[in-house]
Amino acid sequence: MLEPREGIPPVVATDEALADVVAAFAAGTGPVAVDAERASGYRYGQRAYLVQLRREGAGSALVDPVGCPDLSALGAAIADAEWVLHAATQDLPCLREIGMIPSRIFDTELAGRLAGFPRVGLGAMVESVLGFTLEKGHSAVDWSTRPLPEPWLRYAALDVELLVDLRDALEEELDRQGKLGWAMEEFDAIASAPPAPPRKDPWRRTSGMHKVRRRRQMAVVRELWTTRDAVAQRRDVSPGKVLGDGAIVEAALGLPVNLQELTALPGFGHRMGKRQLEQWQAAVDRAKALPDAALPQPGRQVAGPPPPRAWADKDPAAAARLSAARAAVSALADELNMPQENLMTPDTVRRVCWEPPRERTVEKVSAVLAGLGARNWQIEQVAPLLTAAVQDPPAQS
């Protein structure tokens, strides 16, 4: 499919044009295909730079959230409809920011996973399920570009062109496999999930952080990361374009004492201006001047069990439980033809095996799983297996 059925719709960037779209989609019928394009890797944050929609009776629309930053009226117009998204958890946060919050969703990527499709990207799904090939060459472009080139707009419109058709076909397939109720539980959980809280100590996720072991070096990472984030936010560019993670780690390990030493480190090359270098050196100096009491601790206490590789030494019985549980869940996932992590998250399995309930019954294990956020269908499928696995010694099959 090279062109949307009604051609490429005009980009909606004014309040007047938006009002027409709101009216058209409010009068439309059936599910609404929704997609959003971000400028990851180019701009700061994950805001939407284009929103695509399609609905029976309304056709397709391309809405520019830069020109129309408040889309709450559009969200309200389709609030009662089912929204069809592909990989919904990626798009819902940026849609929420501009006032678009669904009450019901159908996630075609997750549906594909539950149905056992080996490739669940939108292009692959449309091709295998509907027999159409979509042009997918513009997924990683800078969507903050204005005006958006026509080939990009064509690509964007095609992303929602067949989404409802794909949804209908996947609903049939899930129903055929007896998994439609499971999928609906998953979709309800996604739609009702609260916004994720801000990540604590995000600087600890700097790539290469595992090399940084001393507290003073960690303080350098924290200071450089924080400085970089402020610069990136002010300039509205991706933090990686301001300073790479690798450079931050090199500075932390090297603890340069002056600009000459800093410039010699990888990532602080000749293309960086003196003012920038001074900014980074000042951040390093601030971290080096901190009193010991202000230095970050070597590692946060992470709630939950230790890494599985340590279980054999720390608690051999727990290690045996985990081995039995993993084997049982993996076998069931194969039988159900779905990824193991969709049947039950590995973290949930680990938590149950590390600290099983005192009474190791199906009812008690089910209660623990529910408390960890497992859905009813997952509990029904997996609780008996985990109950058998957490017996000491593990129950023999």
Side-chain angles (χ1 to χ4, degrees), residues 25-26 28-36 38 45-48 51-55 65 70-115 120 122 160 163-164 166-168 170-171 174-175 177-200 303-304 336 338-349 351-352 365-383:
F25 275 80
T29 57
V32 183
V34 183
D35 190 25
R38 298 175 299 279
Q46 293 296 313
R47 66 171 290 187
V51 176
Q52 307 100 281
L53 306 99
R54 184 173 178 82
R55 190 180 197 185
D70 180 6
L71 298 186
S72 53
L74 178 56
I78 57 173
D80 294 335
E82 178 189 81
W83 296 20
V84 184
L85 303 103
H86 192 80
T89 54
Q90 293 181 22
D91 287 341
L92 287 177
C94 71
L95 290 169
R96 181 186 293 271
E97 285 181 4
I98 52 179
M100 297 187 64
I101 304 171
S103 56
R104 292 183 295 131
I105 69 161
F106 190 106
D107 186 334
T108 50
E109 187 209 40
L110 182 51
R113 291 182 186 279
L114 296 176
V120 292
L122 180 59
V160 291
L163 209 47
V164 173
L166 179 61
R167 172 236 178 273
D168 292 345
L170 288 171
E171 181 181 55
L174 287 167
D175 192 35
Q177 294 185 23
K179 298 175 182 175
L180 183 57
W182 303 357
M184 292 305 174
E185 273 194 65
E186 293 294 312
F187 302 157
D188 287 345
I190 293 171
S192 61
R199 198 184 293 277
K200 189 181 178 186
L336 294 173
M338 71 169 64
Q340 190 173 328
E341 62 269 20
N342 289 112
L343 177 58
M344 187 64 69
T345 67
D347 179 68
T348 299
V349 173
R351 287 171 185 267
V352 172
V365 169
S366 296
V368 172
L369 290 174
L372 292 170
R375 260 67 79 190
N376 289 334
W377 75 269
Q378 294 175 314
I379 294 170
E380 289 171 8
Q381 295 294 318
V382 175

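Nothing here was measured: the structure is a model prediction, and the numbers come from that model.
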Colleague: Once rounded to the nearest 0.5 Å, what's the spacing between atom CD of Gln381 and atom CG of Leu336?
Modeller: 5.5 Å
Colleague: Got a donor-acceptor contact below 3.5 angstrom from the His86 side chain to the Val34 backbone?
Modeller: no
Colleague: Carefully, step by step, assess Glu186 and Arg375 under the rule salt bridge (Lys or Arg N to Asp or Glu O under 4.0 Å).
Modeller: CA-CA 7 Å; Glu186 293 294 312; Arg375 260 67 79 190; 2.9 Å; yes
Colleague: Ignoring hydrogens, what is the shortest heavy-atom contact between Val160 and Arg54? Give both atom names and the distance.
Modeller: O-CD, 3.5 Å
Colleague: Does any non-hydrogen side-chain atom of Leu95 lie less than 4.5 Å from one of Ile101?
Modeller: no
Colleague: Should Leu343 and Gln378 be marked as a side chain to side chain contact (heavy atoms under 4.5 Å, CB included) after you check the CA-CA gap, both sets of side-chain angles, and the distance that decides it?
Modeller: CA-CA 6 Å; Leu343 177 58; Gln378 294 175 314; 5.6 Å; no
Colleague: Roughly how far, to the nearest 0.5 Å, is the OG1 atom of Thr108 from the CG atom of Leu166?
Modeller: 5.0 Å
Colleague: So, do Val32 and Val84 sit near enough that their side-chain heavy atoms are less than 4.5 Å apart?
Modeller: no
Colleague: Drop me the distance from Leu74's CG to Ile98's CD1, to the nearest 0.5 angstrom.
Modeller: 8.5 Å
Colleague: What are the two closest heavy atoms between Ala79 and Ser103, and how far apart are they?
Modeller: O-OG, 2.7 Å
Colleague: For Ala193 and Arg96, work out which heavy atoms get closest and say how close.
Modeller: O-NH2, 3.7 Å
Colleague: Once rounded to the nearest 0.5 Å, what's the spacing between atom OG1 of Thr89 and atom CG of Leu110?
Modeller: 8.5 Å
Colleague: Indicate whether any N or O donor in one side chain lies under 3.5 Å from an N or O acceptor in the other, for Asp70 and Ser72.
Modeller: yes
Colleague: Hey, are the side chains of Trp182 and Met338 touching, using non-hydrogen atoms and a 4.5 Å cut-off?
Modeller: yes
Colleague: Can you name the nearest heavy-atom pair linking Met344 to Ile379, along with the distance?
Modeller: CE-N, 4.4 Å
Colleague: Would you confirm whether Lys179, through its side chain, and Ala111, through its main-chain N or O, come within 3.5 Å as a donor-acceptor pair?
Modeller: no
Colleague: Is Glu185 reaching over with its side chain to a backbone N or O of Asn376, donor-acceptor style, under 3.5 angstrom?
Modeller: yes
Colleague: Could you pull out the closest heavy-atom pair between Glu82 and Arg167, with the gap in Å?
Modeller: OE1-NE, 2.5 Å
Colleague: List the atom of Pro31, the atom of Arg55, and the distance in Å for their closest heavy-atom pair.
Modeller: O-CG, 3.5 Å
Colleague: Please assess Asp347 against Glu341 for the test side chain to side chain contact (heavy atoms under 4.5 Å, CB included), listing each intermediate value before the final yes or no.
Modeller: CA-CA 9 Å; Asp347 179 68; Glu341 62 269 20; over 6 Å; no
Colleague: So how far is it from Trp377 CH2 to Met184 CE, rounded to the nearest 0.5 Å?
Modeller: 14.0 Å
Colleague: In Å and rounded to the nearest 0.5 Å, what is the CZ to CD distance from Arg38 to Gln90?
Modeller: 6.0 Å
Colleague: Pair Asn342, Leu114 - check side chain to side chain contact (heavy atoms under 4.5 Å, CB included), show working.
Modeller: CA-CA 7 Å; Asn342 289 112; Leu114 296 176; 4.1 Å; yes
Colleague: Is the backbone N or O of Asp188 less than 3.5 Å from a side-chain atom of Ser192, with the two atoms forming a donor-acceptor pair by type?
Modeller: yes
Colleague: Is the side chain of Trp83 donor-acceptor paired with the backbone N or O of Ile78 at a distance under 3.5 Å, no angle test?
Modeller: yes
Colleague: Tell me whether Asp107 contacts the main-chain N or O of Ala88 through its side chain, where contact means a donor paired with an acceptor under 3.5 Å.
Modeller: yes
Colleague: Check the orientation of Phe187 and Phe106. Use parallel for under 30°, tilted for 30 to 60°, and perpendicular for over 60°.
Modeller: tilted
